[in-house]
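Labels below follow one simple rule: chain letters A, B, ... track the order of the sequence lines, proteins then strands, and each chain is numbered from 1.
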There are 2 protein chains.
Amino acid sequence: MATSADVAQHAGLSRSTVSQILNGREHLFSEETIARVRASAAVLGYRPSLAGRTLARGTSDIVITLIPDVTFNPRLRELVDIITADLTAAGLTNLLRFVGSEESLHDTLLGLKPFGVVSLAPLPPAQERRIREHGVHLIAQPREAQVAIDEEIGRLQARYLTDAGYDTLAVVVPVAVRERGFALPRERGAKAWCSEQGVRVLPTLRVALERGGAQAAVAKLPPRPVGLVAYNDEVALAVLGAALHQGRRTPEDFGLIGVDNSSIARASTPSITTVDYDIAFSGHAIAGLLLQRLNVQDVADPAHQVTDRLRVVAGDTTPAPTS
Amino acid sequence: MATSADVAQHAGLSRSTVSQILNGREHLFSEETIARVRASAAVLGYRPSLAGRTLARGTSDIVITLIPDVTFNPRLRELVDIITADLTAAGLTNLLRFVGSEESLHDTLLGLKPFGVVSLAPLPPAQERRIREHGVHLIAQPREAQVAIDEEIGRLQARYLTDAGYDTLAVVVPVAVRERGFALPRERGAKAWCSEQGVRVLPTLRVALERGGAQAAVAKLPPRPVGLVAYNDEVALAVLGAALHQGRRTPEDFGLIGVDNSSIARASTPSITTVDYDIAFSGHAIAGLLLQRLNVQDVADPAHQVTDRLRVVAGDTTPAPTS
DNA sequence: CTGTTAGCGCTTTCAG
DNA sequence: CTGAAAGCGCTAACAG
């Protein structure tokens with residue numbers, strides 16, 4: 001592995017010259033010197049050692065993105081891809097780490113002296129504090145903001161169903177504990193809308209994503225038309241299959257709306273009405289915050305920003321707009 | 001941030017003593033010295049600097065796991081979690097990176113001087129070479145092995161369906177390009193089985209995972225019973241919904257088998273027969289290889305190992321075994 | 001059993 | 001515009 005000293009020697013210059021030129025101070029040097037350095041670096045296949053650089057600078061070019069322990073849907077991946085691309089463009093390296101619900105963050109991550117840490121889900125306060133104490137820039141949505149967004153999602157789903165004519169709704173959530181953090185606020189949001197509008201709400205259906213789980217849940221529904229607010233497309237799909245199997249028809253006997261605008265929702269027959277959100281926006285926002293060393297609080301209330309980015313994608317499980 | 005020098009001073013010892021004790025050479029020191037060092041380290045909240053250590057050792061404790069650009073299903077996550085856990089237990093830090101289909105591996109990753117790189121999908125030969133040239137230990141399944149496994153999966157699916165009594169089969173694959181690498185071999189495996197057994201195979205159905213995509217594909221099926229070999233559970237689900245909607249019944253009119261044993265396959269109504277694989281096994285195998293600095297070739301033919309780990313999970317889309 | 005010493009590869013003043 | 005020198009935090013010989 002070639003070192004910067006090798007490059008310097010090969011080019012017949014000093015190490016500092018090489019370092020300067022390779023680190024954005026090229027305007028201080030002659031065309032020819034620059035060319036020589038670049039040529040030598042290329043010939044030797046020089047790659048700066050991150051360790052050396054980190055030691056000298058006190059901080060590395062690495063960003064750690066913490067990924068929550070929920071269903072890893074394509075949207076989440078899209079979000080990660082956008083953040084990674086933006087950071088790469090800025091010369092940073094985004095590395096990922098899955099975090100279990102309550103698992104403690106590994107100390108080694110901090111030992112990396114990362115340029116920053118991005119958490120895609122709210123972090124326990126203790127961990128948040130620890131990261132900040134280490135002088136590491138942390139971007140994480142405060143739990144309240146996340147909750148506000150999810151409530152808004154639930155509210156939007158409920159609103160869409162009542163607008164579509166259902167006068168009785170029910171919320172459907174998975175039993176899986178790990179989805180709880182997102183499911184609870186969504187359920188709350190949907191119920192809040194209903195109580196504001198005087199819409200009747202049936203007891204929440206909890207479906208186990210296992211064989212027969214959805215059937216058992218759906219069997220509890222009354223025979224009359226009901227609008228179902230599903231936690232996500234996966235749950236919606238399970239419910240859809242079970243309901244159709246029991247002879248219920250959509251959208252006549254039941255309406256259904258999921259969340260994620262996933263391909264399974266679109267590719268399903270009938271296709272499922274679902275909520276889409278502009279994830280690209282969030283991705284760029286997160287990367288921008290990190291690059292400008294800003295904090296989430298420094299910008300306008302994120303809940304408002306994001307609710308503007310929610311949108312319903314109509315499918316076959318709700319009546320076509322009568323417009 | 002406390003350094004090892006701080007710890008040494010606090011304990012009234014030399015830095016090397018501290019370093020030795022904190023790096024597994026404690027058997028050389030007195031009980032009391034050890035206790036003092038540990039106490040001081042704890043008091044000061046000392047965390048070794050990865051950069052310093054890497055520089056001194058020439059290699060870091062980091063492992064980079066490359067994740068392919070395919071649907072990130074729960075099984076894949078499980079695999080990653082297992083690898084991470086095993087590596088953590090060995091004192092290594094596993095960091096993840098998504099790799100796009102043909103996107104070039106970022107050089108910075110090599111600059112990290114990682115302890116090793118794990119690729120969860122076969123790598124282009126050029127990249128593989130480059131990683132190895134940098135003296136980095138790479139664990140990646142050779143493309144042939146991956147292909148062999150996928151062929152075996154397709155073969156198993158086809159076999160299960162013919163055993164279940166279907167005398168005509170059709171393969172169903174997604175049109176998405178990024179799944180191609182896995183889809184082609186599976187299709188080939190299924191067809192190979194059919195031609196060996198003299199089973200009739202219909203033209204492969206290509207389904208777009210978009211609205212109406214599955215309907216269009218299913219409409220091409222003849223009215224008589226056919227066994228469908230689906231690329232994965234997602235595709236199977238799309239096909240299932242479309243076929244039921246068109247009035248076909250399962251398992252009488254069509255049989256269906258997916259791959260992944262995902263929750264959506266189990267939670268679907270009717271539930272989908274699917275192929276499960278022992279991913280924990282692979283995870284431990286990968287971590288073990290890395291820790292022992294072995295290569296994939298050093299162990300027995302992986303294709304054979306893995307085919308033993310495949311198993312069909314019966315669902316409602318194939319007839320119950322008549323035993 | 002303990003301390004001294006010499007780097008690992010890089011960046012960054014600072015003097016020329 | 002260029003080069004010398006110092007030091008980031010740690011490890012590992014080696015001498016005591």
Nearest whole Å is fine: how far is [N] [atom2] from [X] [atom1]?
| X | N | atom1 | atom2 | result |
| --- | --- | --- | --- | --- |
| A:D61 | C:dT11 | CG | P | 9 Å |
| A:I34 | D:dC1 | CD1 | P | 9 Å |
| A:R25 | C:dC14 | CZ | P | 13 Å |
| B:L22 | D:dG9 | CG | P | 16 Å |
| A:L28 | D:dG3 | CG | P | 14 Å |
| B:L112 | C:dG9 | CG | C1' | 14 Å |
| A:Q20 | C:dA15 | CD | C1' | 13 Å |
| A:H27 | D:dT2 | NE2 | C1' | 14 Å |

(message) Check whether B:F115 forms a cation-pi arrangement with B:R293 (NZ or CZ under 6.0 Å from the six-membered ring centre, at most 45° off the ring normal).
(response)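 Ring-cation test returns yes.
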(request) May I ask you to say what A:S19 touches in the nucleic acid, namely base, sugar-phosphate or nothing, with a heavy-atom cut-off under 4.0 Å? (result) base
(message) So, does A:S16 get its side chain near the phosphate of D:dT2, meaning an N or O under 4.0 Å from OP1 or OP2?
(response) no
(message) Suppose we screen for ring-ring contact (aromatic ring centres under 6.0 Å, His included). Which residues come up paired with A:F72, at least two apart in sequence or across chains?
(response)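 ring-ring contact (aromatic ring centres under 6.0 Å, His included) list for A:F72, sorted by chain: B:F72, B:F98.
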(message) The criterion is ring-ring contact (aromatic ring centres under 6.0 Å, His included); which residues satisfy it with B:F29, sequence neighbours excluded?
(response) none
(request) Go through residues 45-58 of chain A and report each residue with a non-hydrogen atom lying under 4.0 Å from DNA chain C, sorted by number. (result) A:Y46, A:R47, A:P48, A:S49, A:G52, A:R53, A:L55, A:A56, A:R57
(message) Within the 3.5 Å criterion, strictly below it, is a donor on A:Y277 or A:N261 matched to an acceptor on the partner's side chain?
(response) no
(message) Hydrogens and angles aside, do B:N73 and B:D260 bring a side-chain donor and acceptor to less than 3.5 Å of each other?
(response)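 Yes, because at least one side-chain N or O of B:N73 sits under 3.5 Å from a partner of the opposite role on B:D260.
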(request) Name all pairs fulfilling the salt bridge (Lys or Arg N to Asp or Glu O under 4.0 Å) condition that reach into residues 118-129 of chain A, sequence neighbours left out, sorted by first residue then second. (result)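 Every salt bridge (Lys or Arg N to Asp or Glu O under 4.0 Å) pair that includes a residue of residues 118-129 of chain A, provided the two are not neighbours, is A:E128-A:R132.
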(request) Compare the minimum distances between each of C:dT11, C:dT2, D:dT2 and the side chain of B:T33, then state the nucleotide with the smallest one. (result) C:dT2
(request) Taking only the side-chain heavy atoms of B:S14 (C-beta and beyond), determine which of D:dT11, C:dG3, D:dG3 contains the nearest atom. (result)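 The nucleotide sitting nearest to the side chain is C:dG3.
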(message) Quick check on contacts: within residues 2-12 of chain A, what sits under 4.0 Å from DNA chain D by heavy-atom distance?
(response) none
(message) Determine whether B:R77 and A:D69 satisfy the following criterion, salt bridge (Lys or Arg N to Asp or Glu O under 4.0 Å), listing intermediate values before the conclusion.
(response) CA-CA 9 Å; B:R77 164 142 197 172; A:D69 187 19; 3.2 Å; yes
(request) Would you mind reporting whether B:V80 and B:L120 have side-chain heavy atoms less than 4.5 Å apart? (result) yes
(message) Applying salt bridge (charged side-chain N to carboxylate O under 4.0 Å, His left out), can you list everything that pairs with B:D6, at least two apart in sequence or on another chain?
(response) none
